[in-house]
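Data block below; observations after.
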2 protein chains.
Amino acid sequence: MDNVNIKKLAEALKLSTSTVSRAFRDNSDINASTKERILAMAKQMNYQPNHYASNLREQKSKTIAVIVPELGNNYFSLAVQGIERIASEKGYHILVYSTNDQFEKEVSFIKHLHNGRADGIIMSVTGEANDHNYLNELSKKRLPLVFFDRVYEDIITPRVTTNDYESSFSATKHLIEQGCKRIAYLAVNKTLSIGKTRMQGYIDALKKYKIPFQEELIIDCTNNYKENIDHLKQSFSQLKPDGVFTSVERLAFATYYACYDLNISIPNDLKVIGFSSLEIAPLLNPALSTVTQPALELGKAAASLLFKLLENPTTTPATSAVILNSKLIKRRSTSTEN
Amino acid sequence: MDNVNIKKLAEALKLSTSTVSRAFRDNSDINASTKERILAMAKQMNYQPNHYASNLREQKSKTIAVIVPELGNNYFSLAVQGIERIASEKGYHILVYSTNDQFEKEVSFIKHLHNGRADGIIMSVTGEANDHNYLNELSKKRLPLVFFDRVYEDIITPRVTTNDYESSFSATKHLIEQGCKRIAYLAVNKTLSIGKTRMQGYIDALKKYKIPFQEELIIDCTNNYKENIDHLKQSFSQLKPDGVFTSVERLAFATYYACYDLNISIPNDLKVIGFSSLEIAPLLNPALSTVTQPALELGKAAASLLFKLLENPTTTPATSAVILNSKLIKRRSTSTEN
DNA sequence: TTGTAGGCGTTATCAC
DNA sequence: GTGATAACGCCTACAA
């Protein structure tokens, strides 16, 4: 007697299951008063159409999957929130997966999602430089897929990104204008497209303003907090940069820690700017200059694009690309005043 | 020819669907070599058992729902990450919902989840003081439910919380020891159990150390950033507190902004401590003293408890309560040195 | 407007 | 060890 299903509800109402079913669909012909009766009784008996049965029948799930490198990260969780908001408006549910930057997990998630669990996927890819052709292998029956932020360039599918090249260029330019001559670039994922693009902006800005590019000032970091700080301390002592541009938020934090330890004064001895969506950047010591990405908007845009793809598969080209603008916000960490 | 199902796979192998099905189950009797053949062909044809069909058959979804007040928040997103990690290990998927602190959304999510979509729910409740008896009304056939962090006291269901009372007590005590005499308590959700508990710790610490409790020093805040800052600026100017204890992370940030604007020096004029899981609290200006909740662990514990409930419904009492300890971390914002 | 019947893809039961 | 069959709960032709 636990679960009420359509049959029991129908019995209770002395109606057929089809009539009951119709009460829950908006398009079907049904007497208004019977519909009302049915809905009333449904409420009373606490009936809800079983999701799995409906979806088995209709072959869709009203669910989208979201795959991100990590969740405990302001940027991605904001993006997920944006996605959730749009999905929720459309009556969709979201499944969330975190790869922790492990490529195998990404592959496994994607493959498993092809069992009907989700109608589409929104993904920010892992950092590893692997053969991601697995996505193409699935392509014949591939689920609608939208990339956001971190993308694979060689996979053709709609995407939402930010103007990373321009942002990197302006951030580097800003450092130069503030008098920096030895600007270090802190990288992760040099191989990933987002890493390349951002680095190119840095390189081109140097060139434009006639600052010699020095390979050694590209400092390659990892995903490990402690390691990075140690690594940076070493690098800073040795290379004596007067500016740092971090391609990723957490490297800005690592820079701060390293400078605290080394008694390097920001911004006097070293100016710092970084990609970051941290709302409280103004509260840091010193306030951090940032390239702020519209994380929430990015999520919303990705979700909207996916829905467009779901609703009009034919008129939404696989090459669709939405580009949102980041904002350069100058704060004390790159200031020249004392 | 798009979707391969068990039938097509069976045809291709000249086997019956039952045999094929057995190949995917570990317990069934099946010839090792046929099993191998089946799995090989499945891989080749890219077959996966349809999730909806299986679950319709088996009456469970291998999915748990997570409902949080917000996602773009370090604390909850860390908790979600913890949940995701455990769920993923168990082969479960997670559906994520954000209520944005709207009670109606919470009710709606919960009700809709009773259609079989999820096997269990992990929730941190919204702040509003509503009649949440709706949870009891569902109780006969209620889905296994675990509360974490923010709970409803009058709903009997397993829960994972932190030692809020003790933490509040020690944080307040710490301020007193640092010489504060007029300690403001910044509240939200006074009516919610977590709000009450935290405030009680503050009140009792005052009493114990013979500092008169003053109603006016309880400052009630909202969820709106700007409003809070304005409100705090007014309150601080008027009430002249020498210590502030914030019951919620974002109120610590609002306090900083307010002090910057008013030229109140932290910690000289005002000492600040707050509940917060912010990893970069040491980087704030000044470094923020915190009651740090183990957000990730909280998520993991909640997920583990839910799985216990799912696996041993009878031996896991509805009154199960796991309490994790927060850590008081003293930093410059409550320091007495200059 | 309502009812009947078949099938969505899977798995468990029962034969063989 | 393998195959036929019924059932999970729902929805939709089609019939009445």
Side-chain angles (χ1 to χ4, degrees), chain A residues 1-39 41-42 45-63 112-119 141, chain B residues 1-39 41-42 45-63 91 112-119 141 143:
Chain A
M1 287 300 100
D2 210 1
N3 289 316
V4 333
N5 55 25
I6 199 169
K7 229 170 172 172
K8 286 193 194 131
L9 184 55
E11 271 169 30
L13 288 157
K14 310 235 184 252
L15 285 170
S16 77
T17 59
S18 31
T19 310
V20 173
S21 175
R22 273 188 270 262
F24 292 91
R25 231 132 306 295
D26 284 337
N27 46 8
S28 281
D29 290 341
I30 187 173
N31 186 304
S33 72
T34 38
K35 177 167 180 173
E36 225 169 285
R37 249 182 68 216
I38 295 173
L39 293 181
M41 183 62 101
M45 296 181 63
N46 231 315
Y47 167 77
Q48 282 192 73
N50 180 288
H51 179 247
Y52 290 112
S54 311
N55 292 150
L56 173 57
R57 193 48 235 254
E58 303 187 349
Q59 305 287 23
K60 59 170 141 142
S61 63
K62 286 252 176 189
T63 303
H112 280 88
L113 282 168
H114 282 259
N115 64 357
R117 228 182 219 277
D119 296 340
K141 41 165 281 181
Chain B
M1 286 299 100
D2 209 0
N3 289 315
V4 336
N5 54 27
I6 200 169
K7 231 171 173 170
K8 287 193 191 131
L9 184 57
E11 272 170 31
L13 287 157
K14 310 236 185 251
L15 285 169
S16 76
T17 58
S18 12
T19 310
V20 173
S21 175
R22 273 188 270 261
F24 292 92
R25 230 136 307 297
D26 284 338
N27 46 8
S28 281
D29 290 343
I30 186 173
N31 185 306
S33 73
T34 38
K35 176 167 180 173
E36 226 169 284
R37 249 181 70 217
I38 294 173
L39 292 180
M41 183 60 102
M45 296 180 64
N46 230 315
Y47 166 77
Q48 283 192 71
N50 179 289
H51 178 246
Y52 290 114
S54 308
N55 292 150
L56 174 57
R57 195 48 236 250
E58 302 187 351
Q59 305 287 26
K60 60 171 139 132
S61 62
K62 286 247 175 195
T63 303
H112 279 88
L113 282 168
H114 282 260
N115 65 357
R117 228 181 217 279
D119 296 340
K141 41 165 282 182
L143 284 176

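Here is how names work: the chains are called A, B, and so on, in the same order as the sequence lines, proteins then strands, and each is numbered from 1.
Computed from coordinates, the A/Glu11 CD to D/dC10 C1' distance equals 15 Å when rounded to whole Å. Rounded to whole angstrom, the span from the CG atom of B/Leu13 across to the P atom of D/dG1 amounts to 18 Å. The interatomic distance linking B/Arg117 (CZ) with D/dG9 (P) rounds to 18 Å, in whole Å. B/Arg22 has its CZ atom 15 Å from the P atom of D/dT5, to the nearest Å. If you measure from atom CZ of B/Arg37 to atom C1' of D/dT2, you get 12 Å, rounded to the nearest angstrom. If you take CD1 of A/Ile30 and C1' of D/dT12, they are 14 Å apart, rounded to a whole angstrom. For the pair B/Asn115 CG and D/dC8 P, the computed distance is 18 Å after rounding to whole Å. Across the protein-nucleic acid pair, A/Lys62 atom NZ and D/dC10 atom P stand 18 Å apart, rounded to whole Å.
The phosphate of D/dT12 has neither OP1 nor OP2 within less than 4.0 Å of any side-chain N or O from A/Ser18. Taking 4.0 angstrom as the limit, A/Thr19 places a side-chain polar atom (N or O) nearer than this to OP1 or OP2 of C/dG3.
Contacts of A/Arg37 classified as side-chain contact (heavy atoms from CB on, under 4.5 Å), with partners at least two apart in sequence or in another chain: A/Leu13, A/Leu15, A/Thr34. With sequence neighbours excluded, the residues forming a side-chain contact (heavy atoms from CB on, under 4.5 Å) with B/Asn5 are B/Lys7, B/Lys8, listed by chain and number. Qualifying side chain to side chain donor-acceptor pair (under 3.5 Å) partners for A/Thr17, counting only residues two or more places apart in sequence or in other chains: none. Under the rule for a side chain to side chain donor-acceptor pair (under 3.5 Å), A/Ser54 has no partner lying at least two apart in sequence or in another chain. Annotation: side chain to side chain donor-acceptor pair (under 3.5 Å) contacts of B/Ser18 (sequence neighbours excluded): B/Ser16.
Between the side chains of B/Asp119 and B/Ser61, at least one donor-acceptor pair of N or O atoms lies under 3.5 Å.
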Polar atoms only, N or O, under 3.5 Å: list the protein pairs with nucleotides 8-10 of chain C and their distances.
from   : atom 1 : to      : atom 2 : distance (Å)
C/dC8  : O3'    : A/Gln59 : NE2    : 2.9
C/dG9  : OP1    : A/Gln59 : NE2    : 3.3
C/dG9  : N2     : B/Ala53 : O      : 3.4
C/dT10 : OP1    : B/Tyr47 : OH     : 2.7
C/dT10 : OP1    : B/Asn50 : N      : 2.8
C/dT10 : OP2    : B/Ile6  : N      : 2.5
C/dT10 : O3'    : B/Ser54 : OG     : 3.2

